[in-house]
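Read through the structure below, which is laid out as structure tokens, and then see the notes.
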Amino acid sequence: MLVKEKIIGLPVYTQSGKLLGKVIDLESAPQSELVIRYIVEPDGLIKNIIGVQLSISPQQIISLTEEKMIVEDNCQKIKSQATLSA
């Protein structure tokens with residue numbers, strides 16, 4: 001299991017190999033250590049297209065290692081709820 005300090009800054013790729021961005025934060029359940037979502041800062045073309053942070057749920061993660069996170073391809077379309085309500 002990776003600790004928060006090792007997850008922050010990890011590059012995030014889709015299952016098909018596209019770079020989404022990097023993990024900038026994660027949100028845990030109030031009275032547990034369970035991660036309820038990962039916040040990803042988009043990179044490059046993705047940032048130009050959507051312009052907001054991505055919210056990735058643990059169920060969308062295919063692989064999480066010390067080198068990178070791999071998520072389902074449809075994660076490109078999930079925008080942060082905080083950004084949507086602002």
Who passes side-chain contact (heavy atoms from CB on, under 4.5 Å) against L64, sequence neighbours left out? L2, I7, L10, Y38, I61, M69

Remaining members of L34's ILVMFWY cluster at a side-chain heavy-atom cut-off under 4.5 Å? none

Once side chain to side chain donor-acceptor pair (under 3.5 Å) is applied, do any residues pair with E27, and if so which ones, sequence neighbours excluded? R37

To which residues is I36 joined in a hydrophobic cluster, defined by side-chain heavy-atom contacts under 4.5 Å among Ile, Leu, Val, Met, Phe, Trp and Tyr, whether direct or through other members? none

Closest approach of P11 and Y13, non-hydrogen atoms and distance? CB-CE1, 3.7 Å

V35-L20 co-clustered via ILVMFWY side chain contacts under 4.5 Å: yes

Residue set satisfying salt bridge (charged side-chain N to carboxylate O under 4.0 Å, His left out) with K68, at least two apart, ordered chain then number -> none

State which residues pass side chain to side chain donor-acceptor pair (under 3.5 Å) with E67; sequence neighbours excluded, sorted by chain then number. T65

Using every non-hydrogen atom in the two residues, find where Q15 and D73 come nearest and quote the distance to one decimal. N-OD1, 3.3 Å

Test side chain to side chain donor-acceptor pair (under 3.5 Å) applied to Q59 - qualifying residues, sequence neighbours left out: S57

Please name all residues satisfying side-chain contact (heavy atoms from CB on, under 4.5 Å) with I24, sequence neighbours left out, ordered by chain then number. K22, I39, E41, Q53

For S32, give me all partners under side chain to side chain donor-acceptor pair (under 3.5 Å), at least two apart in sequence or on another chain. none

